Amino acid sequence: MLIAQISDPHIRPAGQLYQGVADSNRMFEEAIDHLHALDRKPDLVLLTGDLVDDGRPDEYAQVRHLLAKLTIPYLVIPGNHDHRENFRAAFADHAYLPAEGALHYCLDDHAVRIVALDSCIPGLHHGGIDAQGLAWLQRTLETDRIKPTLLMLHHPPFMSGIPYMDTYRYMDTAPLEAIVRSASNIELVLCGHVHRTMLRRWAGTVVCSCPSSTTEIALQLAADAAPASFMGRPGCMLHLWNEAHGMVSHVSHIGKMQGPYPFA
């Protein structure tokens, strides 16, 4: 099974730029075109939050317009820039999304089980999951301790080291970590939020964050670093599951490069 991941597209109303700089709508279209052009078509696309920038209905209308071009099945979760109820209304045809409350869900239709967590706290930018959501996750994981499982949420459950991003991190990770550690069949935890690729060994598995299809957060590790972003190379991720070899993840850069050349 090949699973593609796009994160943090920050779609704006038609004709408007993200932060007045990036044409995030066009870049999202290019990300979709990139997936269509891969030499192996993904079986599923995961969109790990911040689909839009301000959570407005007109932004969601635009993201649905752009997603209509995607010929691959896709799943969505919200990010801190999304608005939960506007998000729910925009994806009302996605029957896997709960009709009320946090947007946690589980799909078991593929070779890899997908468990999705809504780590957003309405009105705030940092992440967390309440006791009810954690109890749901515990029950969901307990129903199958064998099938390979992929867990996705928007906020990485660890410190990135980038100070202005860690202000908006997932704050209380210990309860989530304990639940995830109890499920040895979680192959991978996927997230977004930081607009960068990061890897961390965590809770007995591996957490992988996806770059954004638009801007790249600056890699600044000094405690007094000021917020900054670059128009870096956009990217997505490809997660390849094989029963014999497990899960391997690749960053897939979006845009034209020189080559290909006839050597490896």
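All residue numbers in this chain count up from 1 along the given sequence. Small disclaimer: the values here were computed from a predicted structure and weren't measured.
Between H94 and Y74, the two ring planes are tilted [angle within 30° to 60°]. In this structure, F91 and Y60 have perpendicular ring planes: the angle between them is above 60°, well past the 30° mark. In this pair, Y105 and Y96 present their aromatic rings tilted. The plane angle is within the 30 to 60° band.
When all heavy atoms of S213 and M27 are compared, the closest pair comes out as O-CB, 3.3 Å. Closest non-hydrogen pair, A226 versus Y164, comes out as O-CE2, 3.2 Å. Shown here for L35 and C236, the closest heavy-atom pair between the two residues is CD2-SG, 4.0 Å. Here the closest heavy-atom approach between residue H239 and residue Q5 is recorded as NE2-OE1, 2.9 Å. For I217 against M165, the heavy-atom pair with the smallest separation is CG2-CG, 3.9 Å.
Looking at D108, its side chain never comes within 3.5 Å of a backbone N or O of R113 through a donor-acceptor pair. Not a single donor-acceptor pair under 3.5 Å links the side chain of T214 to the backbone N or O of P9.
Annotation: Q132, atom CD; neighbour count of heavy atoms from other residues, nucleotides and ligands within 6.0 Å does not exceed 12. By the 6.0 Å contact criterion, CZ on R40 is enclosed, its count of non-hydrogen atoms from other residues, nucleotides or ligands being greater than 12. Annotation for I146: atom CD1 does not count as buried by contact number, only 12 or fewer foreign heavy atoms lying within 6.0 Å.
Pairs of residues two or more places apart, or lying in two chains, never qualify as side-chain hydrogen bond (donor to acceptor under 3.5 Å, both in side chains) while including a residue from residues 254-264.
Linking ILVMFWY side-chain heavy atoms closer than 4.5 Å, directly or via other members, places I77 and I11 in a single hydrophobic cluster.
A donor-acceptor contact closer than 3.5 angstrom is absent between the side chains of H193 and S209.
Between R84 and D118 a salt bridge is recorded (basic side-chain N to carboxylate O distance below 4.0 Å). A salt bridge links R88 with E85; the closest basic N to acidic carboxylate O contact falls under 4.0 Å.
The side-chain hydrogen bond (donor to acceptor under 3.5 Å, both in side chains) with E59 is formed by just one residue from the set H10, H83, R12; it is R12.
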